[in-house]
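Contents: one structure, followed by commentary.
By convention in this document, chain letters (A, B, ...) are assigned in the order of the sequence lines, proteins followed by strands, and residues within each chain are numbered from 1.
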Number of protein chains: 2
Amino acid sequence: MDLNQKFKDFVSSQDLYVPQLSVDCVIFGFHQNQLKVLLVKTAGVDIWALPGGFVEQNEGIDEAALHILKERTGLTDIYLEQFRTFGHVDRGNPEFMKDYLNNIGIEMPDNHWIFRRFISIGYYALVNFSLITPTPGEMTEASEWFDIKQLPQLAFDHNDIIEKALDTLKLMLDTRLNTMDRWAASLLPETFTMIDLQNLFETILETTFHRNNFHRKMVSLELLEKLEKKFTGASNRAPYLYRFKSRIADLT
Amino acid sequence: MDLNQKFKDFVSSQDLYVPQLSVDCVIFGFHQNQLKVLLVKTAGVDIWALPGGFVEQNEGIDEAALHILKERTGLTDIYLEQFRTFGHVDRGNPEFMKDYLNNIGIEMPDNHWIFRRFISIGYYALVNFSLITPTPGEMTEASEWFDIKQLPQLAFDHNDIIEKALDTLKLMLDTRLNTMDRWAASLLPETFTMIDLQNLFETILETTFHRNNFHRKMVSLELLEKLEKKFTGASNRAPYLYRFKSRIADLT
DNA sequence: TCAAAAGTGTTAAATGTACACCCATGG
DNA sequence: CCATGGGTGTACATTTAACACTTTTGA
């Protein structure tokens with residue numbers, strides 16, 4: 001069933017989705033030493049927003065988030081974590097929904113819940129940048145990666161949501177180094193150099209580390225497997241490539 | 001407007017609350033070296049549950065949580081933190097609401113949202129045990145402190161919710177020592193001994209610390225003010241009393 | 001004066017931080 | 001053979017962990 005059809009079902013059945021509830025996903029990617037966020041521009045509304053959606057009556061909220069990610073990225077098996085629910089009374093701009101529905105040619109009664117304040121459950125996802133080609137979906141006219149340092153003004157309180165997602169991500173980097181193979185692997189290609197890994201940490205945490213200390217720390221976790229050297233063509237020593245040990249299990 | 005009246009308004013107006021959404025509060029207290037949770041038993045339903053409530057259309061979710069805490073504890077100005085939202089498809093037991101509404105003499109149509117799966121936003125609160133006398137409210141026949149180690153079987157997925165709240169609390173203790181004066185103060189009386197503080201940490205984190213190392217660590221944070229000695233009557237050296245420096249500002 | 005419990009000091013291990021040096025690579 | 005940048009070793013500082021000793025209190 002396509003999304004447009006689902007939307008139209010609002011009129012005949014109010015029972016498809018949980019009213020006034022939505023899920024918003026902050027999809028993080030890492031590319032050229034920049035932390036990126038995937039944003040979408042909804043058809044007929046000239047403002048960028050987080051990819052989001054509603055929760056069906058017969059699905060859990062985690063499943064709803066996975067659905068949205070599947071739609072936007074084509075990927076399943078994504079690193080996904082709920083981080084906070086947003087429900088201030090003044091978080092919505094009701095014009096958004098009016099413009100949007102108007103544009104796709106759907107009429108809804110003024111008192112429908114779609115025009116009310118939404119409670120939105122925030123999830124963040126970590127994905128491999130190079131595996132995703134942002135392509136407009138059925139409901140969106142555009143889909144693009146944005147540098148987290150250069151975000152436009154977003155719909156609703158989505159700027160706040162991203163900020164909170166980033167805070168949570170930073171906290172995880174600091175406190176869950178020992179499970180790095182589960183989340184760092186999601187942001188990096190299968191093989192990478194030690195410098196790549198360091199850049200990832202430095203970019204997200206907005207700090208710098210001493211090369212050798214970082215190197216030793218990572219090796220001491222015993223999560224990495226050293227592979228052959230990577231010859232870049234540059235006139236300097238070739239770095240080793242690494243891979244997370246847990247990846248080997250994934251491949252079998 | 002009393003709660004019972006509010007409930008009756010469901011019938012005439014479906015617009016008072018956000019449908020299918022609730023807020024559940026895990027209220028932590030500390031007493032006799034035990035971490036306690038305040039639970040309520042709803043009139044006519046023979047099962048303990050977390051104190052919770054609905055979100056009014058014209059209030060934010062944080063405000064809703066504060067309302068619930070005010071109702072249950074009489075306290076305002078409580079340390080409160082949102083930790084997770086629960087929304088599995090099978091989290092509810094529909095019989096609960098039927099029994100409950102039946103008992104308080106309210107009839108609702110079978111297809112009303114009150115009988116559906118709820119999405120529940122979890123908050124945890126830290127309160128001073130001795131300031132609260134659990135008293136049954138209008139909607140509850142009982143209200144009691146339970147040792148976190150000896151919880152009964154609870155309604156819905158409330159056992160899971162408490163477990164997750166405790167996990168989050170532990171994580172905070174580990175990672176936010178420097179803001180201890182904001183949360184530890186909520187669980188302790190205004191003045192306390194160093195051993196009291198140590199017991200609090202050890203109970204929640206389920207570990208033990210060396211007395212002197214703990215002492216030095218706490219002093220080094222410069223959040224504590226040493227007061228006069230506390231003579232307990234025991235035949236040993238009297239411990240000093242301490243108070244969080246930030247408390248002084250509170251008193252002015 | 002003794003046991004109990006609190007306060008304080010000292011040392012060793014572990015960890016974190018900074019710097020120095022060595023090695024491979026292509027021009 | 002030189003500049004560049006990655007790999008590795010070592011010394012120092014800081015933090016953490018463990019233990020020993022001293023002080024105060026009421027019996």
Legend entry - Partner residues of Arg182(A) under the side-chain contact (heavy atoms from CB on, under 4.5 Å) criterion, sequence neighbours left out: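 For Arg182(A) the side-chain contact (heavy atoms from CB on, under 4.5 Å) partners, ignoring immediate neighbours, are Tyr79(A), Thr179(A).
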Inset, instruction - Please list, chain by chain and in numerical order, all residues satisfying side-chain contact (heavy atoms from CB on, under 4.5 Å) with Glu63(A), sequence neighbours excluded. - result: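 side-chain contact (heavy atoms from CB on, under 4.5 Å) check on Glu63(A) returns Glu59(A).
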Inset, instruction - Take nucleotides 6-14 of chain C nucleotide by nucleotide from the 5' end and write B, S or -, depending on whether a protein heavy atom sits under 4.0 Å from the base, only from the sugar-phosphate, or from neither. - result: BBBBB----
Whole angstrom value for the distance that separates [atom2] of [N] from [atom1] of [X]:
X: Lys217(A); N: dT8(D); atom1: NZ; atom2: P; answer: 18 Å
X: Glu228(B); N: dT24(D); atom1: CD; atom2: C1'; answer: 16 Å
X: Gln198(A); N: dG5(D); atom1: CD; atom2: C1'; answer: 12 Å

Inset, instruction - Evaluate the ring planes of Phe214(B) and Phe201(B), with Trp represented by its six-membered ring, and classify them as parallel (under 30°), tilted (30 to 60°) or perpendicular (over 60°). - result: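 Correct class here is perpendicular.
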Legend entry - Geometric class of the Phe156(A)/His158(A) ring pair [parallel <30°, tilted 30-60°, perpendicular >60°]: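 His158(A) vs Phe156(A) ring planes: tilted.
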Inset, instruction - Say whether, by atom type as modelled, one donor and one acceptor occur between the side chain of Gln198(A) and the main chain of Phe209(A) under 3.5 angstrom. - result: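 Here the side-chain-to-backbone pair exists.
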Legend entry - dT17(C) OP1/OP2 closer than 4.0 Å to side-chain N/O of His210(A):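 His210(A) to dT17(C) OP1/OP2: no side-chain N or O under 4.0 Å.
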Inset, instruction - Find the distance between CG (Leu35(B)) and CZ (Phe129(B)) and round it off to the nearest 0.5 Å. - result: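 That separation rounds to 11.0 Å.
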